[in-house]
Amino acid sequence: MTVESTAARGTTRSSGKRTAAKTPAKKAPAKRKAAQPTAPAAPAQPELVQLLTPEGERVEHPDYAIDLSPDELRGLYRDMVLTRRFDAEATSLQRQGELGLWASLLGQEAAQIGSGRALRDDDYVFPTYREHGVAWCRGVDPANLLGMFRGVNNGGWDPNSNNFHLYTIVIGSQTLHATGYAMGVSKDGADSAVVAYFGDGASSQGDVAEAFTFAAVYNAPVVFFCQNNQWAISEPTEKQSRVPIYQRAAGYGFPGVRVDGNDVLAVLAVTRAALEHARSGQGPMLVEAFTYRMGAHTTSDDPTRYRTDGERAAWEAKDPIQRLRAYLEAEGLADEAFFAGLEEESEELGRGVREKIRTMPDPDTMAIFENAYADGHALIDEERAQFAEYLASFADDPADSAAERGN
Amino acid sequence: MTVESTAARGTTRSSGKRTAAKTPAKKAPAKRKAAQPTAPAAPAQPELVQLLTPEGERVEHPDYAIDLSPDELRGLYRDMVLTRRFDAEATSLQRQGELGLWASLLGQEAAQIGSGRALRDDDYVFPTYREHGVAWCRGVDPANLLGMFRGVNNGGWDPNSNNFHLYTIVIGSQTLHATGYAMGVSKDGADSAVVAYFGDGASSQGDVAEAFTFAAVYNAPVVFFCQNNQWAISEPTEKQSRVPIYQRAAGYGFPGVRVDGNDVLAVLAVTRAALEHARSGQGPMLVEAFTYRMGAHTTSDDPTRYRTDGERAAWEAKDPIQRLRAYLEAEGLADEAFFAGLEEESEELGRGVREKIRTMPDPDTMAIFENAYADGHALIDEERAQFAEYLASFADDPADSAAERGN
Amino acid sequence: MAAAKSSGQLPIAKAINESLRSALEADPKVLVMGEDVGKLGGVFRVTDGLQKDFGEDRVIDTPLAESGIIGTAIGLALRGYRPVAEIQFDGFVFPAYDQIVTQLAKMHARALGKVRLPVVIRIPYGGGIGAVEHHSESPEALFAHVAGLKCVSPSNASDAYWMMRQAIESDDPVIFFEPKRRYWDKAAVDTSAIPAPLHRARVAREGGDLTLAAYGPMVKTCLEAAAAAEEEGRSLEVVDLRSISPIDFDTVQRSVEKTGRLVIVHEAPVFLGAGAEIAARITERSFYHLEAPVLRVGGFHAPYPPARLEEEYLPGLDRVLDAVDRALAY
Amino acid sequence: MAAAKSSGQLPIAKAINESLRSALEADPKVLVMGEDVGKLGGVFRVTDGLQKDFGEDRVIDTPLAESGIIGTAIGLALRGYRPVAEIQFDGFVFPAYDQIVTQLAKMHARALGKVRLPVVIRIPYGGGIGAVEHHSESPEALFAHVAGLKCVSPSNASDAYWMMRQAIESDDPVIFFEPKRRYWDKAAVDTSAIPAPLHRARVAREGGDLTLAAYGPMVKTCLEAAAAAEEEGRSLEVVDLRSISPIDFDTVQRSVEKTGRLVIVHEAPVFLGAGAEIAARITERSFYHLEAPVLRVGGFHAPYPPARLEEEYLPGLDRVLDAVDRALAY
Ligand SMILES: Cc1ncc(C[n+]2csc(CCOP(=O)(O)OP(=O)(O)O)c2C)c(N)n1
Ligand SMILES: Cc1ncc(C[n+]2csc(CCOP(=O)(O)OP(=O)(O)O)c2C)c(N)n1
Ligand SMILES: [Mg+2]
Ligand SMILES: [Mg+2]
């Protein structure tokens, strides 16, 4: 199974629903287009910014344009493929017991790579727990992302090395951190921007609303990037809002836009514009990337309890990787050698991650007491010493050990 | 000083700024109108629903109409005058040391009476700490409102007697209670509506945003009634939002409207419409009553530190009581006997409140332990007994009393 | 539904499910609400099947907002409902903390008793399941300190069933701490038995040398420790507190005045944990009976560690027995 | 501004004002933020004049949203600032509780030490000012229980000045509890003195018969009690704890091993209050030195009462001396 197989399968399976011809997806973008009588330039939802149709056809949008070199286009494709491969590897490492949990981004590659590649080095990102693709764009070592899912730490990379904050699990909190950080950027007179990622479910949290308020009042250079992947665990977006989420921004006094989150070109274009908006002193902006969580919420989740196969199939037809591949192929922007090379690179990435995780050491027991405080704390010192003494007592008196007591 | 003196003074003082003629306000509504070349039907802010201009002229609005009998009009006037009188009495009781604190509604009478009189008996109100006028409309004994400000209780009236919940001090919390209550109304299949009052400052609280979300998702019959009185203690509304607050509703999927909060007719009409909207199964609505806190935030506050006299003067020209009086007089809907009778009734009200408060008993010491739990709690029982024993020990041994120890 | 009416071996999660089911059946005012409690049946399946049987109007999937969940539960209670609100994990209760301590806990007193808020908040709590951050905390002291709330935690399926019924019947707000790592521990549940009062502690094992006091997930650990100690000739009494607010000090005191020694065990950090209160109060009550200071075994004053360290962090058999040794050495 | 550089008699509120002023002068990264801290100077005027002198960019009036205040303060700290955030009253800190305990307290550990959050949260706390509900609470135990936070409370103007400077200089988050009813109590403040460490307790009065331990507003009450007791021939030692997390147990222990008796006084409810921890730990440390159980005087397990009852509710001279009598009776 190749790293792209999900995309390929998805499109193949669902193409049956969308076209009369059962031609395999990769080969026949033109056919699929022909089978759809509506003009490809008109997306299903008029409010959705789209630059690349699900069939891989370039379309124009009055407000957002993009002009990328073949290299850049192939780069985006490569990012998405490698991200998906890394994600698949992590999922299988979880199955093998190497990770306690994994939150897959499957299906959200375009939303993450498109926005991640819009960033400058000096911009700062506040992710949720699912932004593996953005982390990839920021140059965070993928193995680092696995630490918390393996249970060896609660994050632990240096946020300032890559201007990529730690994953935040408590829903919505990071939007305020991003806003405060952006307020600091303004105070410094810098022209960097900040991106706060959050989900459709998170849009209900009071913290997110407060972040909107602070960002608007202080005109902070922060882009609120909502990946609306249609689900918050088992709850569909209708349980969070009865209007499209991007519309919330206007009520706080800044622009909101909904972009096809499975269209990497549109996401890139829209995020660039939003960042420019922030950078140029116009304040915050909300981007809603309309996408789909193709996998389970996490490896602990069982989506068959709350959603249908049909829904997933419909979204597979809009697969972000497949549509860019169709475009690259149709325009002759990538050849077999490119795809083969990428295939190999993916394997390599998977292997590397696998090895790193299997040799990732467990933390030392006494790490329990480390880093609770920067300047120390008398109680922790006392407890550390007592616990060390307690542990040492087993060494002194082997007859009294845990094994003896049958535990 | 009559109960209406503030209104009268206000209009007189500010009319100088607004008109060349220094004619006392009451007498010359027509003159003031003449001095303003713009058509009175066009309010300064196009988005503001107005049915009665500051000069007391009836104007029409395309979306909101009202047709009240002379009795009803006089009734609204009476409500506002008595509410203001009660409020003034409470302020002076605070100065005399009978109350620890008072939060005056001066200037907000129209917002409160207009909305309060739109309610049906079976509707339910969740107030802040400043809704003395709404409480009046609900038939709550005014003296009851003073208990918490005197420090004899933390509220203490029975919310279900008048469908008027306790005052809520922690900003924004009550909007969620109102929403939950409204969800219950729906579940019961009743056609009552619920009103959640809150302030411009409160609009920043996460709880209010969550209330909007819950209300929208469950289509709860709740009217969010924001009295934008321009200030949250020392902070102007710009510190809470950079767009008008009523606009927030659209982003949550329900209508919002801004009404002239000093125009009792417009407030009544708009609130009636909003309640009807809720009642008829169309879900929540947001009403922003654009008004002004003419007094200090509370008796502890010193507004001279953060706002100008000029601002207050400008708003005094829009006094809610004065404009209705001008209308009543101009249309011949109330005669001197009415005003004189009302003056007397006001005095009576003030006297009654004064007497009640001065004879309001302090709670019994052991009340500390009452009502913490409905079903009892062993720890409280223990502490109550110990404390009673402790108190009794002074009786046993007078030599050991507090007085002896000089405290 | 038949299971609810009979006795049998049930895991704790299922016992709570049956308890909720029977409460939903018994009183149309009972509601179940929270994130993912509907179709999914909750992430631990504690509410499994309830929405199917009682409908979306009574088993309510809420928006993702804990303050909203508790705030609207309060409103529903004011309207006469008896909401049972689920917080998905211990670490996610804090966005609702203001509504809980400022509104839920105080409204009955604020109204001089004229309103009642029969709200139950279910919180799966504690560690030991190998989870990521925020999924293993024991915040009970942060609620027990607050007047107006009651806090309980069952240690076994029978208590889980009955205590939930009693919590729902209580006219006071109850925070119901569910020992998530024991969710699958089975025990007999007699759904027709007459239960003990909700806030009464229970002597789970009799003994004469020392008293172990615990609640929720640590009761099992203490019972195992007592069994291990027995092999060493030591007779430990185990008190299952069941309730953390109020605490049944009388039962603990009786036990301590018999054994002369007390060790308190909880997963929550020792510093200002429930054990501190028990130690202080029992020392005051039984000053002349104590042959050793009351010792406490619990979490350290550090954030809950990553999963690979939790076994060392959590009080286990050895740490309990170490404290027992120390107490007996006096 | 000259006052900050000299010594003199200052009320606590003014001492904190001077301390903030000197910190704002010393480090351009220091910020003051909160509701009404700007033009108004805060409802207690603690930040009076600061916005005028340091500008709106450094003394920031925030929207009315406590979670937003602390959440953005965290973001500002991540950007390299040192925010001092004001919560207007004790009862209004809870909307920010999640950001405080879940984010502020844990982020340093989460990042394995790679980020620091030098955030100070100022909370005017405690009762005795005749206020309405939510304006008189003592929630310190709810923060001290949480690892990753430090909690302090000065009892006098000199400590208020210096402890605030030290809190701002600390690379850990500090919750700074200001004894609001003592805001106007004056004392000499030597702004050139070398201060004691932030978390060190202080023997405020020496004595031999019994130790009174307190912090913040209750130190004055204890000193008055000690003075009254002296007239009755009893010599009480008073320890001003100053820090509630960590607690300087060594100083308390030294005192108790001298006097043999300990009474702890705080306004916060006794149940699970700081006194519980001190009683438990000192009893463990000094088991053979204690001639009486450690007694506690504090709030009851009931919501803070309306103002007309607070004098009875709050620990005063008599309740302290009653506990002293009881401890000495052993
Ligand atoms: C405050 C809080 N409540 C509940 C949870 C449990 N939880 C984890 S992820 C999740 C759903 C999040 O949905 P969404 O914001 O749409 O993000 P997605 O997982 O779809 O990326 C929930 C409820 C949490 N992490 N934090
Ligand atoms: C959660 C919370 N934070 C702070 C306060 C202190 N406070 C009381 S009133 C107030 C301003 C409220 O402004 P607004 O909502 O506009 O209502 P208004 O007083 O103008 O009627 C503040 C900050 C509070 N009561 N609750
Ligand atoms: Mg989602
Ligand atoms: Mg206001």
Side-chain angles (χ1 to χ4, degrees), chain B residues 100-101 129 147-156 167 169-173 199-207 232-235 239-241 297 300-302 305-307 362-365 367-373 377 379-380 382-384 387 390-391 393-394 400-402 405-407, chain D residues 35-43 45 48 60-68 71 88-89 91-92 94-95 98 129-135 221 224-225 227-229 231-232 269-271 299-313 316-319 321-323 325-326:
Chain B
L101 186 81
Y129 41 80
M148 64 179 268
F149 293 99
R150 184 172 170 86
V152 302
N153 59 44
N154 290 326
Y167 278 176
I169 291 178
V170 175
I171 301 289
S173 312
D200 45 298
S203 70
S204 296
Q205 281 286 1
D207 271 9
I233 310 187
S234 73
E235 300 195 17
K239 283 276 171 253
Q240 316 292 343
S241 184
H297 170 69
S300 297
D301 180 40
D302 173 10
R305 293 179 74 103
Y306 53 81
R307 67 185 195 187
D362 277 2
D364 181 72
T365 300
I368 290 172
F369 301 95
E370 298 317 310
N371 298 314
Y373 292 91
H377 189 280
L379 179 59
I380 286 241
E382 186 180 330
E383 290 182 342
R384 186 194 291 106
F387 195 61
Y390 161 77
L391 291 179
S393 73
F394 292 106
D400 206 34
S401 78
R405 268 161 169 159
N407 194 29
Chain D
E35 297 155 10
D36 306 295
V37 298
K39 266 196 190 158
L40 186 64
V43 293
R45 309 292 181 263
D48 193 24
I60 307 165
D61 273 329
T62 64
L64 207 177
E66 286 76 11
S67 190
Q88 202 160 76
F89 281 92
F92 308 143
F94 301 115
D98 178 55
I129 63 162
V132 294
E133 206 187 349
H134 314 293
H135 293 69
T221 304
E224 287 169 358
E231 292 174 24
E232 298 175 7
V270 163
F271 187 78
F300 304 111
H301 194 67
Y304 194 90
R308 301 249 168 176
L309 288 175
E310 71 180 343
E311 218 167 300
E312 274 106 334
Y313 173 91
L317 203 56
D318 284 311
R319 281 180 60 208
L321 291 173
D322 173 67
D325 289 346
R326 285 186 286 121

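Per chain, numbering begins at 1; letters A, B, ... match sequence-line order.
- Of all heavy-atom pairs between D:Leu64 and B:Gly201, the closest is CB-O, 3.4 Å.
- For the pair B:Leu101 and B:Ser300, the minimum side-chain heavy-atom distance is below 4.5 Å.
- With respect to chain B, the highest number of heavy-atom pairs below 4.5 Å among D:Asp36, D:Asp61, D:Leu40 belongs to D:Asp36.
- Proximity to chain D is absent for every atom of B:His297, based on heavy atoms less than 4.5 angstrom apart.
- Contacts of D:Arg326 with chain B are absent, with no heavy-atom separation under 4.5 Å from either backbone or side chain.
- When heavy atoms are compared at a cutoff of 4.5 Å, D:Phe92 approaches chain B solely by way of its side chain, counted from C-beta outward.
- Under the 4.5 Å side-chain criterion, counting only non-hydrogen atoms from C-beta, B:Val170 is not in contact with D:Phe94.
- Proximity to chain D involves both the backbone and the side chain of B:Arg150, based on heavy atoms less than 4.5 angstrom apart.
- Looking at B:Arg305 and B:Ser234, their side chains never come closer than 4.5 Å, going by heavy atoms from C-beta outward.
- Heavy-atom pairs under 4.5 Å with chain D peak, among B:Phe149, B:Phe387, B:Tyr306, at B:Phe387.
- Considering all non-hydrogen atoms of both residues, B:Gln240 and B:Ser203 come closest at CB-OG, 4.2 Å.
- With D:Tyr313 contributing its side chain and B:Ile368 its backbone, the two residues share no donor-acceptor pair below 3.5 Å.
- Contacts of B:Asp364 with chain D are made by backbone atoms alone, with heavy-atom separations under 4.5 Å and no side-chain atom involved.
- For a residue to count as touching a neighbouring chain, one of its non-hydrogen atoms must lie under 4.5 Å from one of that chain's; by this rule B:Tyr129 does not touch chain D.
- Considering all non-hydrogen atoms of both residues, B:Ala372 and D:Pro303 come closest at CB-CD, 3.8 Å.
- Between D:Phe271 and D:His301, the ring planes lie perpendicular to each other; the angle is over 60°, past the 30° to 60° tilted range.
- When heavy atoms are compared at a cutoff of 4.5 Å, B:Tyr390 approaches chain D solely by way of its side chain, counted from C-beta outward.
- Top candidate by heavy-atom pairs under 4.5 Å with chain D, chosen from B:His377, B:Glu382, B:Glu383, B:Glu370, is B:Glu383.
- Heavy atoms closer than 4.5 Å to chain D are found in both the backbone and the side chain of B:Asn154.
- For D:Glu310, no part lies near chain B; criterion is any non-hydrogen pair under 4.5 Å.
- Among the candidates B:Asp362, B:Asn371, B:Asp207, the residue making the largest number of heavy-atom pairs closer than 4.5 Å to chain D is B:Asp362.
- Heavy-atom distances place no part of D:Phe89 under 4.5 Å from chain B, backbone and side chain included.
- The candidate with the highest count of non-hydrogen atom pairs below 4.5 Å against chain D, out of B:Met148, B:Lys239, B:Glu235, is B:Glu235.
- Of all heavy-atom pairs between B:Gln205 and B:Ile171, the closest is CG-O, 3.4 Å.
- Contact detail for D:Gln88 and B:Ile233: the closest heavy-atom pair is OE1-CD1, 3.5 Å.
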